[in-house]
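All values derive from a computational prediction rather than experimental measurement. Each chain gets a letter, A, B and so on, in the order its sequence line appears, and its residues count up from 1.
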Protein chains: 2
Amino acid sequence: MQAVNPPTSLPPASTWAPRPDLALAERLFEVLRQTGHDGVGITRDTYGPGEQRAHALATETARALDLEVRTDAALNLYLTLPGRNRNAPAVFTGSHLDSVPRGGNYDGAAGVVAGLAVLAGWRQAGAIPDCDVTVMGVRAEESAWFPVSYIGSKAAFGLLPAEALQARRFDTQRTLADHIQSCGGQPDRIVQGPAALDASRIAAFFELHIEQGPVLLDGGFEVGVVSGICGSLRYRQARVLGEYAHSGATPRSHRHDAVVAAAELVCTLQREWADMERQGHELTLTFGQFGTDGQQADFSKVSGQVDFCIDIRSRSLDSLHDMDLRVQRTAEAIGQRLGVRFDLGPSSGSQPAAMDDTLRDRLRHAARQSGAAVRDMPSGAGHDSALFANQGVPSAMLFVRNAHGSHNPHEAMAAADFAAATRVLGQAMAETAGLQRAAGLETQP
Amino acid sequence: MQAVNPPTSLPPASTWAPRPDLALAERLFEVLRQTGHDGVGITRDTYGPGEQRAHALATETARALDLEVRTDAALNLYLTLPGRNRNAPAVFTGSHLDSVPRGGNYDGAAGVVAGLAVLAGWRQAGAIPDCDVTVMGVRAEESAWFPVSYIGSKAAFGLLPAEALQARRFDTQRTLADHIQSCGGQPDRIVQGPAALDASRIAAFFELHIEQGPVLLDGGFEVGVVSGICGSLRYRQARVLGEYAHSGATPRSHRHDAVVAAAELVCTLQREWADMERQGHELTLTFGQFGTDGQQADFSKVSGQVDFCIDIRSRSLDSLHDMDLRVQRTAEAIGQRLGVRFDLGPSSGSQPAAMDDTLRDRLRHAARQSGAAVRDMPSGAGHDSALFANQGVPSAMLFVRNAHGSHNPHEAMAAADFAAATRVLGQAMAETAGLQRAAGLETQP
């Protein structure tokens with residue numbers, strides 16, 4: 001018996017998705033916490049012991065669920081529940097499993113844990129999707145370790161430039177190629193190909209992630225549906241060179257003080273940022289690292305060098321470029337006035353990315369069905385979803401309410417919020433992967 | 001035959017001083033440079049191998065000149081040419097033999113080398129002073145190593161507080177007591193006494209030192225006679241605590257950014273400094289070290305902590321206190337406005353000191369006699385002379401013209417300027433120590 005069109009009296013989609021296995025999720029978070037704790041926070045170092053342990057845990061969990069386990073040359077992890085039609089474009093979910101140094105337990109890992117909890121629920125219900133559904137454990141998303149963004153997802157799509165493999169990890173000073181090799185990957189194959197992923201073979205990419213700012217918490221929302229992902233423009237090796245001089249013996253008029261120059265840059269650009277916001281731009285501007293030279297600086301010297309980073313983010317390329325111009329103009333003006341030289345160094349960055357409207361609707365709808373308070377919001381932080389989206393994969397992100405931001409030991413996502421978000425994710429995945437047609441219904445594609 | 005009063009027809013005092021041994025000075029500077037070079041600059045580390053080598057060189061030189069060699073419990077070095085009357089208060093000259101890390105060859109050492117060159121000249125001329133004349137190699141003047149000022153001269157006068165011996169050297173993390181002991185000194189005796197020096201037994205302290213600023217060079221003067229030495233007020237462990245947050249996900253209004261707060265403090269206090277100068281205050285204000293936390297800061301985080309130092313210097317206690325109030329008020333206001341907390345930590349410092357008018361006149365006169373262009377000027381930097389002066393020893397300082405300041409590898413004192421200054425020093429010492437009465441003249445005190 002076949003129905004040409006699904007009956008209009010079909011129960012709401014939400015009734016078709018099995019419950020995620022939240023007890024499994026809780027166990028996984030607990031193991032991740034125990035194995036990742038560094039004494040202060042959570043450290044799952046990119047292509048190091050921390051990330052390796054997290055990937056091993058995800059692999060072992062997938063095997064216990066009888067999922068297919070695959071890795072690519074960059075050691076991205078693909079945990080797949082086979083669908084009825086193995087040739088149909090697959091539905092992907094997932095996130096990264098690395099963390100910043102002394103970060104929190106949820107940034108990244110929550111998206112993989114949620115995906116596994118969803119598939120565990122489906123396994124337990126005996127539900128089978130139309131197409132393959134893959135939980136991806138993406139490698140190396142946190143560019144705190146290597147100065148390269150989206151290493152794992154770029155590698156999966158064959159987009160990682162060969163020279164990126166020579167980037168060095170800030171702490172070990174070993175190259176990315178060396179780290180990948182040590183973990184069992186194949187750096188040569190990352191560059192030579194073939195690529196592990198083909199955008200045309202992926203029907204959708206869903207990424208669940210904790211919110212890294214205070215917007216959901218302040219507004220009383222459990223989940224957020226991301227409208228777009230900010231691009232970035234960064235100067236990670238900027239510096240200003242002045243002249244070391246004796247603090248007591250050098251009059252104000254004779255100084256070329258690098259600390260004063262860098263401080264003026266910060267203060268002036270704070271005002272420029274406020275100006276741009278008043279003009280309707282949406283962006284952030286951050287000097288996250290800033291410091292005098294560790295060897296030559298002294299409390300009794302006028303400083304001759306300050307190294308600093310600038311991070312600009314916006315969903316608008318125009319806003320990125322506008323602020324970039326202001327940074328350059330301001331540095332030039334201060335340099336001339338104080339007799340110091342700013343060297344902003346190379347810039348790097350990432351493109352803004354739009355999220356898929358259909359998938360966003362599906363997430364919003366699932367949230368409303370389940371009673372979760374939901375809002376649309378941009379993502380100021382970059383995510384692998386941006387790379388998937390810019391490769392042409394319909395992509396969407398679901399933010400989970402979370403206190404104290406991320407990239408610190410105090411991330412605080414409530415279990416209930418994670419549960420609500422994972423149910424929303426599971427529902428949207430089920431609809432996208434055709435799970436509603438399983439479970440004994442006789443409809444077919 | 002006795003003359004009750006010195007004859008008024010006595011030749012000008014300058015004719016009586018033998019020439020300093022400038023070839024010896026040149027050799028000593030060369031050995032100091034070779035043994036002190038660290039690959040970048042000169043490092044003569046306080047109570048470490050660098051300072052030890054310099055003291056060994058001075059000791060060996062003194063022995064070759066048949067001077068008496070003595071050290072005290074803190075290992076200050078006293079190299080004495082005995083006078084006719086060994087009970088008369090002695091004339092002292094000298095300076096310190098340590099340097100900052102990666103500093104220059106002349107800061108400190110020039111004063112000891114000059115003293116040895118003067119006494120070598122006297123020995124070669126067979127000249128004998130009325131009173132003992134001592135070249136002092138002072139220990140541990142550079143507070144870059146231990147956070148304590150004037151360690152050597154305080155110890156010599158029995159003024160070093162017992163707790164200072166527990167201060168730790170920034171690089172080794174070993175205590176001052178431990179370092180002194182390792183070099184062969186007796187930390188217990190420094191505290192228990194008796195003190196090595198008694199101010200009433202010292203007729204004068206002369207300190208020759210390179211100028212550490214650009215004043216003499218810019219004005220075309222070879223030497224400067226110091227009018228007074230600045231005191232200081234320091235916050236060496238100041239910090240501001242904000243809140244780490246994701247750089248892309250945290251809107252401007254939600255930030256508690258430690259870098260922005262510290263930068264505003266720097267910028268606001270620069271304006272306050274200019275204000276005070278317009279009101280007639282003379283002072284310096286320096287943030288020599290300034291930096292985000294090495295562990296937690298990241299280019300993609302709003303910063304939660306900045307550590308910094310403040311160094312205020314002035315010859316006027318009022319100016320020091322006025323700026324101190326402004327620092328505290330400004331920190332408080334920025335803290336409230338940005339939701340961050342400034343913790344200035346303990347303050348330390350030193351008293352301003354006046355130089356002796358008679359000795360200053362003698363130096364100026366000697367300079368004019370020898371044709372050296374001389375000017376009066378304050379010392380923004382602290383020197384052991386300040387401690388001697390505040391103990392009641394008539395003290396004076398002679399600055400030598402020097403390019404590129406001090407506390408850096410580029411100190412550039414010309415040999416001709418050092419020669420001119422050493423002749424001036426030798427002349428003033430000869431007058432003060434009664435050398436003009438030697439060399440066959442039959443006058444007596």
Side-chain angles (χ1 to χ4, degrees), chain A residues 40 100-102 143-144 211-215 218 230 232 234 236 244-252 254 257 259-260 262-267 270 273-274 277 284 286-292 294-304 306 309 311 313 379-382 405-408, chain B residues 40 100-102 143-144 211-215 218 230 232 234 236 244-252 254 257 259-260 262-267 270 273-274 277 284 286-292 294-304 306 309 311 313 379-382 405-408:
Chain A
V40 175
V100 298
R102 299 187 173 187
S143 43
E211 194 213 343
Q212 295 167 271
V215 175
D218 282 9
C230 287
S232 63
R234 292 162 183 171
R236 295 184 62 171
Y244 288 103
H246 193 288
S247 66
T250 314
R252 197 160 56 87
H254 284 72
D257 187 329
V259 164
V260 169
E264 289 199 9
L265 185 74
V266 171
C267 292
Q270 287 293 111
W273 181 13
E277 286 191 342
T284 61
T286 308
F287 296 80
Q289 290 173 308
F290 188 107
T292 46
Q295 294 288 343
Q296 287 197 69
D298 184 78
F299 82 94
S300 68
K301 286 187 198 172
V302 175
S303 67
V306 169
C309 295
D311 177 52
R313 308 211 191 195
S379 172
S406 78
H407 291 186
N408 73 66
Chain B
V40 173
V100 298
R102 299 186 174 189
S143 42
E211 195 212 342
Q212 296 167 273
V215 175
D218 283 8
C230 287
S232 63
R234 292 162 182 172
R236 295 184 62 169
Y244 288 103
H246 193 287
S247 65
T250 315
R252 198 160 56 87
H254 285 72
D257 187 328
V259 163
V260 169
E264 288 200 10
L265 186 73
V266 171
C267 292
Q270 287 292 112
W273 180 14
E277 285 190 342
T284 61
T286 308
F287 296 80
Q289 290 172 311
F290 187 107
T292 46
Q295 295 287 342
Q296 288 197 67
D298 185 78
F299 81 93
S300 67
K301 286 186 199 174
V302 176
S303 66
V306 169
C309 296
D311 177 51
R313 308 210 190 194
S379 172
S406 78
H407 292 187
N408 72 68

Of the listed residues (A:Val40, A:Asp298, A:Asp218), which shares the most heavy-atom pairs with chain B below a 4.5 Å separation? A:Asp298
What option among A:Asn408, A:Val260, A:Val302 has the most heavy-atom pairs under 4.5 Å with chain B? A:Val260
If you tally heavy-atom pairs under 4.5 Å against chain B, which of A:Gly248, A:Gly380, A:Ser379 wins? A:Gly248
Set of residues satisfying side-chain contact (heavy atoms from CB on, under 4.5 Å) with respect to A:Asp311, sequence neighbours excluded: A:Ser232, A:Arg234, A:Thr286, A:Arg313, B:Ser247, B:Phe299
If I take atom CD from residue B:Glu211 and atom NE2 from residue A:His246, how far apart are they, to the nearest 0.5 angstrom? 10.5 Å
Could you report the tightest heavy-atom contact between A:Leu265 and A:Phe287, atom names first, then the distance? CD2-CE2, 4.1 Å
At a heavy-atom distance under 4.5 Å, which candidate from A:Gln296, A:Gln212, A:Glu264, A:Gln270 has the highest pair count against chain B? A:Gln212
Which atoms of A:Ala262 are under 4.5 Å from chain B, going by heavy atoms: the side chain, the backbone, both sets, or neither? neither
Please flag which part of A:Arg252 lies under 4.5 Å from any non-hydrogen atom of chain B: side chain, backbone, both or neither. both
Of all of A:Ala245, A:Pro214, A:Gly405, which one pairs up most often with chain B through heavy atoms under 4.5 Å apart? A:Pro214
Using non-hydrogen atoms and a 4.5 Å limit, figure out which bit of A:Thr250 sits close to chain B: side chain, backbone, both or neither. both
At a heavy-atom distance under 4.5 Å, which candidate from B:Pro101, B:Cys230, B:Ser300 has the highest pair count against chain A? B:Ser300
So which heavy atom on B:Thr292 is nearest to which on A:Gly288, and how close? CG2-O, 3.6 Å
With sequence neighbours excluded, what pairs up with B:His407 under the side chain to side chain donor-acceptor pair (under 3.5 Å) test? B:Asp107, B:Glu142
When B:Gly382, B:Ser303, B:Cys267 are compared by non-hydrogen pairs under 4.5 Å with chain A, the top option: B:Cys267
Do you know which two heavy atoms are closest between A:Val100 and A:Ala144, and how far apart they sit? CG1-CB, 4.1 Å
Out of A:Ala263, A:Cys309, A:Gly291, A:Gly213, which one racks up the most heavy-atom pairs below 4.5 Å with chain B? A:Ala263
